[in-house]
Amino acid sequence: MYNVYGVGNSLVDIQAHVSDDFLTELAYPKGGMTLVEEAIQQKVIASLNPDKFSRCAGGSAANTMMGIADFGGKGAYAGKTADDDIGQFFLNDMRNVGIRIEVPATSGQSGTCVILITPDAQRTMLTHLGVSSELGPDDIEESEIVKSQYVYIEGYLFTGESTKAAAMKAIELAKKNNVKVAFTVSDPFLIDLFRDEFWELIHGPVDLLFCNLDEARALTGKDDPVDCAQEIHHHAENVAMTLGADGSILMHEKKVIPIEGVPVKAIDTTGAGDMYAAGILFGITNGLTWQQSGHLASHAAARIVSQLGARLAQPFTQEEIGQLVK
Ligand SMILES: Nc1ncnc2c1ncn2[C@@H]1O[C@H](COP(=O)(O)OP(=O)(O)OP(=O)(O)O)[C@@H](O)[C@H]1O
Ligand SMILES: O=C(O)C[C@@H](O)[C@H](O)C(=O)CO
């Protein structure tokens, strides 16, 4: 019934274009995600013109689920929101495209992510998790997982004990019910913190690993992209390793499947990896080959990069999808 059951931090993105100088002054790692208090977000927002901001539902796994729905797929999602306007905005966005999300809202503040986009289209994220960090194992529904072909877990969930326990519960229930597990490493900083746990997952329950080149290098200690992908593929049945504008590499049945990047004018890279994962997951759960899925993923990710925000302003039509996977 579902292509994918996703688990992630439910966040709403607050985005603004900023200069390199502005970012340098703030001194957060460019291109990365830093967990911050809400007061820090407010300080950053206050130092920018409010007209510059736009709001868009976000969260890594949530973006991927949304992408799957945009392609015409079906999904359910577990992530925690508060009973506030931001939480309602997030839930409406997901439910409007048919994603099932029934985790009870709680009191407190929904999570937000201030995304600063520099002229090179790179995004730097300052995340206040709010109540998204309260997602726990009890929020994971076996009755929905059994209806899914894949469970998709974002690595960001490992930053909190409760969300990590939720991720592990979803993985355990997937394995118990013969549902495949896809995992995205999310950010290189997580590898420093959770290297052994991530390798245990890759070696064990993970059927499909998503990572970018920095993450693959941090995981393997190797440099060459194909060497990195091969090393991970020794442990994981399938690997999808992204290479920014240069495309990606898929590993399946000991084969290296190179996927070309799609040249576009990059506006904002927020959500590129998330949309790429949506293309792969939609493809392989709809009987497409890995090559076809990669092609679809590459086009979808390129479209996200050529616009502002992590959700497609102009989703693909079924005709366009048909053309892309011919
Ligand atoms: N400048 C670009 N032009 C075209 N496609 C791009 C560009 N940047 C990224 N992509 C597409 O998006 C995919 C994912 O990009 P990338 O390797 O940067 O992943 P990521 O670091 O996980 O992305 P992010 O965390 O910013 O969402 C690439 O494999 C490619 O298909
Ligand atoms: O990684 C990105 O580029 C974007 C998302 O994964 C991110 O989690 C987000 O949208 C924050 O809400």
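Note that the structure is predicted; figures quoted are calculated from it, not measured. First listed ligand is number 1; within each ligand, the first listed atom is number 1.
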Hey, is E141 close enough to K147 for a salt bridge, meaning N to O under 4.0 Å? no

So for M275 against ligand 1, with non-hydrogen atoms under 4.0 Å, the contacting part is neither

Looking only at distance, does G273 have an N or O less than 3.5 Å from an N or O of ligand 1? yes

R123 N/O to ligand 1 N/O under 3.5 Å: yes

Answer yes when D139 and K80 have at least one side-chain N-carboxylate O distance shorter than 4.0 Å, and no when they do not. yes

Could you tell me how the ring of Y276 sits relative to the ring of F210: parallel (under 30°), tilted (30 to 60°) or perpendicular (over 60°)? perpendicular

State, with a plain yes or no, whether a side-chain heavy atom of M251 is found less than 4.5 Å away from one of N238. no

So for G273, does at least one of its heavy atoms come nearer than 4.0 angstrom to any atom of ligand 2? no

Is any NZ, NE, NH1 or NH2 atom of the basic residue among D20 and K30 found under 4.0 Å from an Asp or Glu carboxylate oxygen of the other? yes

Hydrophobic clusters here meaning ILVMFWY residues chained together by side-chain heavy-atom distances under 4.5 Å, can you tell me if I280 and V185 are in one? no

Protein heavy-atom partner closest to atom 4 (C) of ligand 1 - residue, atom, separation in Å: V262 O, 3.2 Å

Is ligand 1 under 4.0 Å from a heavy atom in the side chain of I304, in the backbone, in both, or in neither? neither

Sidechain N-carboxylate O distance under 4.0 Å for D268, R123: no

I want to check something: taking the side chain as every heavy atom from C-beta on, are F71 and L296 in contact at a cut-off of under 4.5 Å? yes

With backbone taken as N, CA, C and O and side chain as the heavy atoms from C-beta onward, which portion of N63 lies under 4.0 Å from ligand 2: side chain, backbone, both, or neither? side chain

For atom 3 (N) of ligand 1, closest protein heavy-atom neighbour: V264 CG2, 3.7 Å

Of the protein's non-hydrogen atoms, which lies at the shortest distance from atom 7 (C) of ligand 2, and what is that distance? M125 SD, 3.5 Å

Would you say G247 contacts ligand 1, with heavy atoms under 4.0 Å as the rule? yes

Which ligand 1 atoms are under 4.0 Å away from a heavy-atom of S298? 31 (O)

Among protein heavy atoms, which sits nearest to atom 11 (C) of ligand 2, and what does the distance come to when rounded to 0.1 Å? D13 OD1, 3.1 Å

What protein heavy atom sits nearest atom 28 (C) of ligand 1, and how far away is it? G244 O, 3.3 Å

Going by the atom numbers of ligand 2, which of them fall below 4.0 Å from some non-hydrogen atom of R123? 1 (O), 2 (C), 3 (O)

Please confirm whether F198 and F183 have ring centers closer than 6.0 angstrom. yes

Heavy-atom nearest neighbour in the protein, as seen from atom 1 (N) of ligand 1, with distance rounded to 0.1 Å: A245 CB, 3.6 Å

Please confirm whether L11 comes within less than 3.5 Å of ligand 2 when only nitrogen or oxygen atoms on both sides are compared. no

Give the residue and atom name of whichever protein heavy atom lies nearest to atom 8 (O) of ligand 2, and the separation in Å to one decimal. S60 N, 3.3 Å

Give yes or no for whether the N/O distance cutoff of 3.5 Å, strictly under, is met between A301 and ligand 1. no

Tell me, please, whether Y77 has R100 positioned over its six-membered ring: NZ or CZ under 6.0 Å from the ring centre and within 45 degrees of its axis? no

Please list, in number order, the atoms of ligand 2 under 4.0 Å from a heavy atom of C113. 11 (C), 12 (O)

Hey, looking at atom 19 (O) of ligand 1, which of D274, T270, T242, T269 has the closest heavy atom? T242

L243 and ligand 1 - part of the residue with a heavy-atom distance under 4.0 Å: backbone

Atom 6 (O) of ligand 2: closest protein heavy atom, distance to 0.1 Å, is D274 OD2, 2.7 Å

Is M33 linked to V7 within one hydrophobic cluster, defined over Ile, Leu, Val, Met, Phe, Trp and Tyr using a side-chain heavy-atom separation of less than 4.5 Å? yes

Heavy-atom distance under 4.5 Å between the side chains of C211 and T184, does that happen here? no

Before giving the answer on side chain to side chain donor-acceptor pair (under 3.5 Å), spell out for D21 and S19 the whole-Å C-alpha distance, their side-chain angles and the decisive distance to 0.1 Å. CA-CA 5 Å; D21 287 349; S19 67; 5.2 Å; no

Subset of ligand 1 atoms that lie under 4.0 Å from at least one heavy atom of G271: 27 (O)

May I ask you to check whether Y156 has an N/O atom sitting below 3.5 Å from an N/O atom of ligand 2? no

Pair D70 + R303, salt bridge at N-O below 4.0 Å: no

Less than 3.5 Å between some nitrogen or oxygen of N212 and one of ligand 1, yes or no? yes

Check for me whether the distance between the ring centres of Y150 and Y2 falls short of 6.0 Å. no

